[in-house]
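Have a look at the structure below, then the notes.
Note that the structure is a prediction, hence the values are computed from the model and not measured. We count ligands from 1, going down the list as the structure has it; atoms in each ligand are counted the same way.
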Amino acid sequence: MSVNLQERKYALDVDPKAMDGQDVVVAGWIQETRDMGGIAFVILRDRSGTLQVVLPKKKLDAALVESLTKLQRESVVAILGTVKASEKARNGYEVLPKEVRLLNESAAPLPMGIVDKVDVDFDTRLDNRFLDLRKPEVQAIFRVRSALVKAGIDSFTRQGFFQVHTPRIIGASSEGGTDLFPVKYFEKDAFLAQSPQLYKQMLMATGMDRQFEVATYFRAEKHNSYRHLNEVTAFDVEMAFVESEEDVMRVLETAVRDVWQGVHDQCQAELKLLGKEVKVPALPFPRVTYDDALRMVNATKRWTNDKGEHAEIPHGEDLNAAAEKILGDVMREKGHEFYFITKYPEQIRPFYTFIEEDGKVSRSFDLEHAGLEVTSGAQRQHNPQKLVERILHKGLDPDDFQDYLKPFQYGMPPHGGFGLGIDRLTMEVLGLANVREAVLFPRDRTRLAP
Ligand code: AMO
C-alpha cells in the first residue's frame, strides 16, 4: 500500500476493532504536535474530527519522525500507517506511520488560530474564513444549513412543487423599490435581481403551477444590522389556483415544520457540538392579524417612537424590529415560537399583492420566528386591470412592467407565494446571534471580500 489519496479514510470512519493492525491512509491538517522526548504525537484533523498519530522515536526512522514533527501547524499531509487500537487515544485508536506525504506546508504565523482559546473578533474570522471554517463548530453550522436546504427541497417536492431557475440579471425592479444594484449589460442598463418575484408569477400563466427556486436576492439596502444581508438566499415559492393566502400559508408552515424536523433528525452530532436543541413545532402556526399584532404590542407599552418616547404604533406603519421583538416576547409567553402576521394594510405591501374589495386590507402575511421575520408572502393580484391600477397607485410606471403584465392578459389563474429566507432560517434554527454566522462569505454594507 502507498500513500494513495484515493484510499483515504476519514478519522471517524476508522473502526479500531475491525481495523486493528491494518494499514490505513489518512489525510488532513496538522492541528498540534507534542514532542515528549522519546515519543511524539501529532493530532491530525479532517472534516470528521481528529486522530492521533503516534511516533515512538526509537522504533521509527528519524527522517520519518522529522517529516511530521518539524512541519508548521496547519500543514496538510497524507499518512500511510498502521491502526493501533488504544482505549486511551481519542476515537479509540492511534496511527503508527509508515510513510508521510507532505501535500502542502502552511506558512507561519497563522492569521488566526484554529484551536487556540484566544478570542478572535468576527471581522478577523470573516477575513480568514478558510481558517475559521476549519473549526468543527463553524463547519457544523454549514452542515446544518445543508440539511436544512435539503429538508426544504424535499418538503416542497413532496408537496408537488418543482424546482426552477430564473434570471439573476434583470431589466427592471421586481420589488418596486430603489434598492437595486445596477449592472452594465452590454449597451443596456440592468440590475441584479432583488427576487424572482415577477418571473415566478409569469410562470403561473404556463401551467407550471407549483414551483420553487433556491434563489439569491440582491438588495442594495444600506442596513447594518445583525439580520440584514445584501446578498440573500431564500426559498422562493409560487403556486396557482389558490382560493386565498391561506392555501399558501399551509404549504409554508408544512415546509417549515419539515425543515425543523429534518435538522432535528439529520444533525444530532452538529447540534450536540453547538450545544443546541431543536424543538419541532406543532401545526398549524397561530395566525395573528396585523390589527391584533398592533394591539398586542401597544398593550405592553414597551414600544418607543423615533424620539424615544413611549407611544402606540400608528396604524398603517410596518412593524419595525423593536415591535417585532416585543410581539415575539408576547407570543413566546403564549408558547409560540412561530406565528403568522396576516392582513397587512395595503400601503405597506408591494404592488403585486391582492387587495380586498375595501381597498384597505391585503391578502398578505409574514411568518415570524421569535420576533424575526423569516417569510413574506401573499395572494397576488391576478386581474390585469387591477394590477395596472396598483402599479400606478404605487407611483410606478406600467410601461416598465410590459413583459410581466403580458401573461396576465392571456389567462392568469389566481396565485400566491412567498419568500422564505434560508440565511435567517439557519440563524433561527441554531439560535445564532448574527445572520452572517450562517453565511459562508457574507455580503453586507461594508464587506465585499473575501
Ligand atoms: P421579502 O423582501 O420580505 O419578500 O423577502 C423574503 C424573505 O427573505 C429574507 N430576506 C432577507 N434576509 C436577510 N437580509 C435581507 N436584507 C433580507 N431581505 C429579505 C427574509 C424575508 O422574510 N417577493 C417577496 C416574497 C413573496 O411575496 O413571494 C420578497 O422578496 O427571510
Side-chain angles (χ1 to χ4, degrees), residues 145 148-149 152 156 161 164 166 168 170 173-181 192-204 210-240 242 245 247-249 251-252 255-256 259 318-319 321 324 338-342 344 348-354 362-382 390 404 415-429 432 434-439 442-445 447:
R145 184 177 163 123
L148 180 153
V149 172
F156 291 124
F161 289 73
V164 295
T166 60
R168 291 288 171 274
I170 56 173
S173 159
S174 48
E175 296 297 326
T178 51
D179 303 325
L180 287 153
F181 287 113
L192 294 179
Q194 288 165 303
S195 77
Q197 183 66 34
L198 307 189
Y199 291 93
K200 67 176 182 175
Q201 285 193 256
M202 286 193 271
L203 288 175
M204 293 303 101
R210 283 185 165 221
Q211 51 85 11
F212 75 97
E213 177 163 6
V214 178
T216 311
Y217 303 168
F218 300 96
R219 305 273 169 104
E221 298 162 355
K222 291 186 176 165
H223 291 296
N224 204 352
S225 85
Y226 69 96
R227 60 202 210 146
H228 285 102
L229 296 161
N230 294 104
E231 185 176 307
V232 177
T233 309
F235 291 114
D236 209 275
V237 178
E238 202 71 18
M239 56 196 276
V242 299
E245 74 278 27
D247 295 344
V248 183
M249 288 155 67
V251 167
L252 169 60
V256 168
V259 162
D318 211 351
L319 299 177
E324 276 186 274
F338 280 109
Y339 46 92
F340 287 102
I341 305 174
T342 61
Y344 281 87
I348 49 174
R349 300 305 278 204
F351 68 86
Y352 47 76
T353 311
F354 189 103
S362 69
R363 291 195 181 173
S364 64
F365 58 85
D366 281 359
L367 178 66
E368 303 265 327
H369 181 260
L372 178 72
E373 176 203 314
V374 291
T375 310
S376 274
Q379 183 180 345
R380 323 296 186 187
Q381 181 51 264
H382 60 280
R390 281 281 295 164
Y404 165 69
H415 61 278
F418 56 85
L420 169 59
I422 289 171
D423 315 301
R424 285 193 181 173
L425 271 189
T426 309
M427 174 186 176
E428 290 301 289
V429 81
L432 305 173
N434 192 318
V435 70
R436 292 165 187 77
E437 291 277 7
V439 181
R443 289 289 168 261
D444 62 29
R445 181 83 180 82
R447 183 169 286 280

Q: Kindly indicate whether the side chain of Val256, heavy atoms from C-beta on, has any atom under 4.5 Å from the side chain of Leu420.
A: yes

Q.
Take a 6.0 Å sphere around CZ of Arg445 and say whether it holds more than 12 heavy atoms from other residues, nucleotides or ligands.
A. no

Q.
Could you check whether Phe365 and Phe340 have their ring centres less than 6.0 Å apart?
A. yes

Q) Would you say Ser376 and ligand 1 have an N/O pair spaced under 3.5 Å apart? A) yes

Q. Atom 24 (C) of ligand 1: which of Phe235, Tyr352, Phe365, Phe218 has the nearest heavy atom?
A. Tyr352

Q. Where on Arg380 is there a heavy atom closer than 4.0 Å to ligand 1, on the side chain, on the backbone, on both, or on neither?
A. side chain

Q: Classify the contact between Lys200 and ligand 1 as side chain, backbone, both or neither, using a heavy-atom distance cut-off of under 4.0 Å.
A: side chain

Q) Hey, is His223 one of the residues with a heavy atom under 4.0 angstrom from ligand 1? A) no

**Q.** Nearest non-hydrogen partners of Glu213 and Val164, listed with the distance
**A.** CG-O, 3.4 Å

Q: Would you mind checking if Arg227 and Glu368 are paired as a salt bridge, meaning a charged N to carboxylate O distance below 4.0 Å?
A: no

Q.
Among all the protein's non-hydrogen atoms, which is closest to atom 12 (N) of ligand 1, and how far away is it?
A. Arg424 NE, 3.4 Å

Q: Please state which part of Val374 comes within less than 4.0 Å of ligand 1, counting heavy atoms only: side chain, backbone, both or neither.
A: backbone

Q. Got a salt bridge between Arg145 and Asp423, using NZ or NE/NH1/NH2 to carboxylate O under 4.0 Å?
A. yes

Q: Could you pull out the closest heavy-atom pair between Ser362 and Thr353, with the gap in Å?
A: CB-CG2, 3.7 Å

Q. How close does the nearest protein non-hydrogen atom get to atom 5 (O) of ligand 1, and which residue and atom is it?
A. Tyr217 CE1, 3.7 Å

Q) Quick one: which of Gln197, Glu231, Glu373, His228 has a heavy atom closest to atom 21 (C) of ligand 1? A) Glu373

(Q) For Leu229, state whether at least one heavy atom is located under 4.0 Å from any atom of ligand 1. (A) yes

Q. Hey, which atoms in ligand 1 end up nearer than 4.0 Å to a heavy atom of Glu221?
A. 16 (N)

**Q.** Phe212 ring center within less than 6.0 Å of Phe156 ring center
**A.** yes

**Q.** Numbering as shown, the atoms of ligand 1 that approach Thr375 to under 4.0 Å (heavy-atom distance)
**A.** 22 (O)

Q) By number and element, which atoms of ligand 1 are closer than 4.0 Å to a non-hydrogen atom of Gly417? A) 28 (O)

Q: For atom 9 (C) of ligand 1, find the nearest protein heavy atom and state the residue, atom name and distance (0.1 Å precision).
A: Gly421 CA, 3.9 Å

Q | Close approach, Val435 and ligand 1, non-hydrogen under 4.0 angstrom | A | no

(Q) For a quick test of reading the model, state the closest non-hydrogen atom pair linking Arg436 to Tyr226 and the distance between them. (A) NH1-CA, 4.0 Å

Q.
Parallel, tilted or perpendicular: which one describes the rings of Phe354 and His382, with boundaries at 30° and 60°?
A. parallel

Q. Looking at Phe418, which atoms of ligand 1 are within less than 4.0 Å of one of its heavy atoms?
A. 26 (C), 28 (O)

Q. If you look at every heavy atom in Ser364 and Tyr344, which pair is closest and at what distance?
A. OG-CB, 3.4 Å

Q) For atom 11 (C) of ligand 1, what's the nearest protein heavy atom and its distance? A) Val232 CG1, 3.6 Å

Q | Nearest neighbour in protein (non-hydrogen) for atom 6 (C) of ligand 1 | A | Gly419 O, 3.4 Å

Q) Does ligand 1 have any atom that is closer than 4.0 Å to a heavy atom of Arg227? A) yes

Q: Locate the shortest heavy-atom distance separating Phe161 from Gln211; write the atom from each residue and the value.
A: CD2-N, 3.4 Å

Q | Spacing of Asp444 atom CG and Asn434 atom CG [to the nearest 0.5 Å] | A | 8.5 Å

Q. Which of the atoms in ligand 1, numbered in the order shown and given with their element, are less than 4.0 Å from a heavy-atom of Gly377?
A. 27 (O)

Q. Which of the listed options, Gln379, Arg349, Met427, Arg219, holds the heavy atom that is closest to atom 1 (P) of ligand 1?
A. Arg219

